[in-house]
Amino acid sequence: MSKKVTETVEEIVVPILDDMNLELVDIEYVKEGANWFLRLFIDSEKGIDIEECGVVSERLSEKLDELDPIQHNYFLEVSSPGAERPLKKESDVTKAIGKQVHVKTYEPINGEKTFEGVLTDFDGQTLTITVTIKTRKKQIEIPYEKVAKARLAVTF
């Protein structure tokens, strides 16, 4: 059921975002305690500010009230994906080349399922990540279809 909600909301919000030159990063429809939350993460080349989140929230709320596609009462949250932005689509992965990433795989690669390093290449099939183990740099190739989750990583 929650899959359907996110697909419906995506169809409704994408024209609003396109109109504002914004991009949809992710949608979550989750129950936390007694409450349902509809969370949208949006971004743009120049980043997102609170006013843009407010405008998207307002315009989306009007459409959702009009179409009423969600059964439960819920809280709508619109925000930027933050520094650890998820890499959901191939285009997100391509944009992340040269940046620090955190990748989890469905099955072990060289005995590991979690990798953090610099994404040095992505050809549509394979991510190449340079990880540093102590002082050695090592390149790891991860087949794209084995990626369970990927996001940008913040390093200090």
Side-chain angles (χ1 to χ4, degrees), residues 1-109 112-119 122-127 129 131 142-156:
M1 191 299 326
S2 72
K3 183 73 177 143
K4 182 79 180 96
V5 167
T6 57
E7 287 170 6
T8 303
V9 171
E10 184 171 352
E11 289 169 12
I12 296 167
V13 78
V14 164
I16 294 169
L17 296 175
D18 286 349
D19 185 46
M20 296 174 66
N21 289 318
L22 301 175
E23 150 192 24
L24 178 64
V25 175
D26 200 7
I27 297 178
E28 293 177 344
Y29 183 60
V30 292
K31 188 171 188 184
E32 293 177 2
N35 299 314
W36 283 90
F37 289 85
L38 177 60
R39 292 191 179 106
L40 279 79
F41 299 93
I42 60 175
D43 209 353
S44 77
E45 291 294 317
K46 59 178 180 38
I48 289 294
D49 63 32
I50 192 83
E51 285 80 22
E52 287 167 313
C53 290
V55 171
V56 170
S57 178
E58 231 170 79
R59 290 175 67 183
L60 179 58
S61 283
E62 286 172 17
K63 277 285 188 202
L64 290 172
D65 289 347
E66 182 186 313
L67 301 169
D68 199 20
I70 302 173
Q71 295 175 311
H72 306 98
N73 288 332
Y74 59 91
F75 294 96
L76 174 62
E77 297 176 354
V78 178
S79 66
S80 92
E84 296 195 335
R85 172 192 173 130
L87 306 173
K88 291 284 197 179
K89 302 177 282 243
E90 283 189 31
S91 60
D92 295 336
V93 177
T94 301
K95 284 183 205 164
I97 291 172
K99 295 182 178 154
Q100 189 81 12
V101 295
H102 180 90
V103 177
K104 286 188 179 182
T105 56
Y106 290 113
E107 56 196 60
I109 295 171
E112 300 286 329
K113 288 176 78 174
T114 304
F115 304 90
E116 194 158 311
V118 176
L119 179 65
F122 176 61
D123 62 9
Q125 305 285 309
T126 306
L127 289 82
I129 298 176
V131 296
I142 302 170
Y144 186 59
E145 73 269 3
K146 291 189 180 176
V147 173
K149 279 189 168 181
R151 62 172 169 76
L152 293 178
V154 177
T155 51
F156 298 99

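Just so you know, residue 1 is the first one in the sequence shown, and it goes up from there. What you see is a predicted model, and the numbers here were worked out from it, not measured in a lab.
The two residues Leu64 and Pro69 make their nearest non-hydrogen contact at O-CD, 3.5 Å. The nearest pair of heavy atoms linking Ala83 to Val154 is CB-CG2, 3.5 Å. Across every non-hydrogen atom of Leu152 and Ala96, the tightest pair is CD2-CB, 3.8 Å. Heavy atoms only, all atoms of each residue included: Leu24 and Glu10 are closest at CD2-CG, 3.7 Å.
From Thr8, atom OG1 reaches atom CD1 of Ile70 across 8.0 Å, with rounding to the nearest 0.5 Å. Atom-to-atom distance recorded for Leu22:CG and Ile16:CD1 is 10.5 Å, nearest 0.5 angstrom. Once rounded to the nearest 0.5 Å, the distance linking CD1 of Ile42 with CD1 of Ile48 reads 4.0 Å. Distance CG/Leu60 to SG/Cys53: 12.0 Å, rounded to 0.5 Å.
In this structure, the side-chain contact (heavy atoms from CB on, under 4.5 Å) partners of Glu32, at least two apart in sequence or on a different chain, are Val30, Phe37, Arg39. Not counting sequence neighbours, the partners of Lys95 by the side-chain contact (heavy atoms from CB on, under 4.5 Å) test are Glu23, Glu45. Checked against side-chain contact (heavy atoms from CB on, under 4.5 Å), Glu112 has the following partners two or more places apart in sequence or in another chain: Phe115. For Lys113, there are no salt bridge (Lys or Arg N to Asp or Glu O under 4.0 Å) partners at least two apart in sequence or on another chain. Taking the salt bridge (Lys or Arg N to Asp or Glu O under 4.0 Å) definition, one finds that Glu107 meets it with Lys146, sequence neighbours left out. Evaluation of the salt bridge (Lys or Arg N to Asp or Glu O under 4.0 Å) rule for Glu84 yields Arg151 as partners, not counting sequence neighbours. The salt bridge (Lys or Arg N to Asp or Glu O under 4.0 Å) search around Asp26 returns Lys88, not counting sequence neighbours. For Glu90, the side-chain contact (heavy atoms from CB on, under 4.5 Å) partners two or more places apart in sequence, or in a different chain, are Phe122, Tyr144. Take Tyr74 and apply the ring pair (Phe, Tyr, Trp, His ring centres under 6.0 Å) test, not counting sequence neighbours, and it matches no residue.
Not less than 6.0 angstrom separates the ring centroid of Trp36 from the ring centroid of Phe75.
For CD of Glu145, the number of neighbouring non-hydrogen atoms (other residues, nucleotides, ligands) closer than 6.0 Å is greater than 12. Around atom NZ of Lys149, no more than 12 heavy atoms belonging to other residues, nucleotides or ligands sit under 6.0 Å away.
Among residues at least two apart or in separate chains, there is no ring pair (Phe, Tyr, Trp, His ring centres under 6.0 Å) pair with a member in residues 78-106. Residues in residues 54-69 take part in these side-chain hydrogen bond (donor to acceptor under 3.5 Å, both in side chains) pairs, two or more places apart or across chains: Asp19-Arg59. Pairs engaging residues 48-69 under the ring pair (Phe, Tyr, Trp, His ring centres under 6.0 Å) rule: none recorded [sequence neighbours left out].
At a threshold of 4.5 Å between non-hydrogen side-chain atoms, the residues Thr114 and Val103 do not count as touching. Residues Ser80 and Phe41 have side chains not in contact (no heavy-atom distance under 4.5 Å, counting atoms from C-beta outward). Contact of the Leu76 side chain with the Leu40 side chain is registered, since non-hydrogen atoms from C-beta on lie closer than 4.5 Å. Two residues are said to be in side-chain contact when any heavy atoms from C-beta on lie closer than 4.5 Å; Tyr29 and His72 meet this criterion. Within the 4.5 Å cutoff, the side chain of Ile129 has heavy atoms near those of the Ile142 side chain. Contact of the Asp43 side chain with the Arg85 side chain is registered, since non-hydrogen atoms from C-beta on lie closer than 4.5 Å.
Distance alone, capped at 3.5 Å, places no donor-acceptor pair between the Thr105 side chain and the Pro108 backbone. No donor-acceptor pair closer than 3.5 Å links the side chain of Glu7 to the backbone N or O of Lys4.
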>> Evaluate Val131 against Glu116 for side chain to side chain contact (heavy atoms under 4.5 Å, CB included), listing each step before the verdict.
In response: CA-CA 6 Å; Val131 296; Glu116 194 158 311; 5.9 Å; no
